[in-house]
**Student:** 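Here's a structure for you.
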Amino acid sequence: MSEVARPTLSDALTERMLELIREGGHRPGDRLPSTRELSQRFAVTTPTLREALRRLEATGAIELRHGSGIYVGAAIERLVLPNPNMRAMHAPKLLDLLGARIVIEPPLAAMAAGHGTEAELTTLKRVLADAEAHLRGQDAELHDANMTFHRATARMAGNTVLHEVVDSLLTVHAAEQQAILQIFDDRRRDYEEHLAILQAIEARDAAAAEERMRAHLVDVKTVIEQRLHHPPE
């Protein structure tokens with residue numbers, strides 16, 4: 001039987017930092033005590049403290065701002081976190097990524113049609129207007145707009161955990177999503193499918209929103225699969 005790993009000083013310090021944030025009622029964006037103050041509070045050396053801070057920064061629990069200080073991170077309350085150590089995906093995993101999105105995102109689009117507010121709909125319209133403005137060769141901006149559309153749709157569904165799952169998938173695999181845009185290579189078609197999803201959500205038609213999101217992602221996956229197996233000459 002293998003020996004159970006004992007918590008290290010850094011492990012314990014990381015947990016104490018989280019307790020400090022929780023018990024102090026700190027919210028994302030709040031400034032925390034300085035490195036010197038924290039070292040004195042926890043009676044540890046600066047290098048040990050910095051190791052714990054780097055761990056917390058990697059998960060988004062805190063944000064280290066050079067020359068400014070330590071702040072509570074936006075991800076402090078997340079249940080699902082992207083893996084910052086994830087390597088690039090090969091073709092089979094790329095298709096698995098799209099397969100996962102086909103399972104998760106269509107029901108969220110249906111939920112968005114039922115839960116979305118007018119303010120959220122306005123945001124979606126603005127995002128798609130931004131996407132349309134970048135259809136001719138501005139792929140970095142177009143990619144950002146496309147991913148923002150999918151994240152915003154998931155957020156509109158009203159389920160924080162599922163939104164975080166979608167956000168984590170798109171964050172960790174940003175490079176793969178950019179590759180999908182290049183391989184799919186039909187920016188206008190992609191935009192029009194997004195527009196059809198928006199129109200269903202705006203009409204509060206949950207069934208249509210779900211069907212159009214599924215059709216969109218299946219369309220992308222089918223094209224990617226074909227071109228990976230039979231690349232154009």
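All values derive from a computational prediction rather than experimental measurement.
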**Student:** Hey, are Arg187 and Glu192 close enough for a salt bridge, meaning a charged N less than 4.0 Å from a carboxylate O?
**Tutor:** no

**Student:** NE2 of His150 to CG of Leu108: how many Å apart, nearest 0.5 Å?
**Tutor:** 11.5 Å

**Student:** Strictly distance-based, threshold 3.5 Å: is any side-chain N or O of His115 a donor or acceptor partner for the main-chain N or O of Met111?
**Tutor:** yes

**Student:** Measuring from atom CG of Leu97 to atom NZ of Lys221, what distance do you get when rounded to the nearest 0.5 angstrom?
**Tutor:**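 Those atoms lie 10.5 Å apart.
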
**Student:** To check you understand the geometry: which heavy-atom pair defines the closest contact between His134 and Leu142, and what is its length?
**Tutor:**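 That closest heavy-atom pairing would be O-CB, 3.6 Å.
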
**Student:** Drop me the distance from Thr123's OG1 to Leu128's CG, to the nearest 0.5 angstrom.
**Tutor:**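 One gets 11.0 Å once the value is rounded to the nearest 0.5 Å.
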
**Student:** Would you indicate whether the side-chain heavy atoms of Thr48 and Phe42 approach each other to under 4.5 Å?
**Tutor:** no

**Student:** Decide side chain to side chain contact (heavy atoms under 4.5 Å, CB included) for His163 and Met156; before the verdict, give the C-alpha distance in whole Å, the side-chain angles of both, and the deciding distance to 0.1 Å.
**Tutor:** CA-CA 9 Å; His163 167 244; Met156 285 178 70; over 6 Å; no

**Student:** If you define the side chain from C-beta out and look only at heavy atoms, does anything of Asp219 sit under 4.5 Å from Arg189?
**Tutor:**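 The answer is yes, as the side chains (C-beta and beyond) meet within the 4.5 Å cut-off.
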
**Student:** If you look at every heavy atom in Ala113 and Ala200, which pair is closest and at what distance?
**Tutor:** CB-O, 4.4 Å

**Student:** Assess Arg65 against Tyr71: is NZ or CZ under 6.0 Å from the centre of the six-membered ring, and within 45 degrees of the ring's axis?
**Tutor:**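 Because its charged atom sits under 6.0 Å from the ring centre and within 45° of the axis, Arg65 does stack over Tyr71.
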
**Student:** Could you tell me whether Arg214 and Glu210 have a side-chain N and a carboxylate O separated by less than 4.0 Å?
**Tutor:**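 Yes, this pair counts.
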
**Student:** Is the shortest heavy-atom distance from the side chain of Glu105 to the side chain of Thr153 under 4.5 Å?
**Tutor:**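 Heavy-atom side-chain distance check fails, nothing below 4.5 Å.
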
**Student:** For residues Val72 and Arg27, report the shortest heavy-atom separation together with the two atoms involved.
**Tutor:**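 Heavy-atom minimum between the residues: CB-O, 3.3 Å.
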
**Student:** I'd like to know if Glu37 and Arg31 make a salt bridge, using a cut-off of under 4.0 Å between side-chain N and carboxylate O.
**Tutor:** no

**Student:** Could you tell me the separation between the CD1 atom of Ile102 and the CG atom of Leu95, rounded to the nearest 0.5 Å?
**Tutor:** 9.5 Å

**Student:** Where do Glu132 and Leu135 land on the side chain to side chain contact (heavy atoms under 4.5 Å, CB included) test, with the steps shown first?
**Tutor:** CA-CA 5 Å; Glu132 185 179 26; Leu135 288 176; 4.2 Å; yes

**Student:** Decide yes or no for Met17 and Leu32: does some side-chain heavy atom of the first lie under 4.5 Å from some side-chain heavy atom of the second?
**Tutor:** yes

**Student:** As an exercise, state the distance from CG of Leu121 to CG of Leu198, rounded to the nearest 0.5 Å.
**Tutor:** 7.0 Å

**Student:** Would a 4.5 Å heavy-atom cut-off, applied to side chains only, mark Glu57 and Arg50 as touching?
**Tutor:** no

**Student:** Check Arg41 against Arg16 and note the closest heavy-atom contact, atom names and distance.
**Tutor:**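 Taking Arg41 first and Arg16 second, the nearest heavy atoms are O-NH2, 4.3 Å.
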
**Student:** For Ala109 and Ile201, which heavy atoms make the closest approach, and how far apart are they?
**Tutor:** O-CG1, 4.0 Å

**Student:** Identify whether the distance between the nearest side-chain nitrogen and carboxylate oxygen of Asp167 and Arg155 falls below 4.0 Å.
**Tutor:** no

**Student:** Decide yes or no on side chain to side chain contact (heavy atoms under 4.5 Å, CB included) for Asp130 and Asp144, but give the supporting numbers first.
**Tutor:** CA-CA 10 Å; Asp130 187 45; Asp144 288 345; over 6 Å; no

**Student:** Counting C-beta onward and ignoring hydrogens, is there a side-chain heavy-atom pair between Thr160 and Glu164 closer than 4.5 Å?
**Tutor:** yes

**Student:** Say you draw a straight line from CD of Glu211 to CG of Asp205; how long is it, rounded to the nearest 0.5 Å?
**Tutor:** 10.0 Å

**Student:** Where is the tightest heavy-atom contact between Arg101 and Leu217, given as atom of each residue plus distance?
**Tutor:** O-CD1, 3.4 Å

**Student:** Could you walk me through whether Leu124 and Glu120 pass the side chain to side chain contact (heavy atoms under 4.5 Å, CB included) test, one step at a time?
**Tutor:** CA-CA 6 Å; Leu124 276 188; Glu120 288 172 323; over 6 Å; no

**Student:** Would you say that Leu18 contacts Leu56 through its side chain, given a criterion of any heavy-atom pair below 4.5 Å between the two side chains?
**Tutor:**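 Side-chain contact under 4.5 Å: yes.
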
**Student:** Is there side-chain contact between Leu38 and Ile70, with heavy atoms separated by less than 4.5 Å?
**Tutor:**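 The answer is yes, as the side chains (C-beta and beyond) meet within the 4.5 Å cut-off.
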
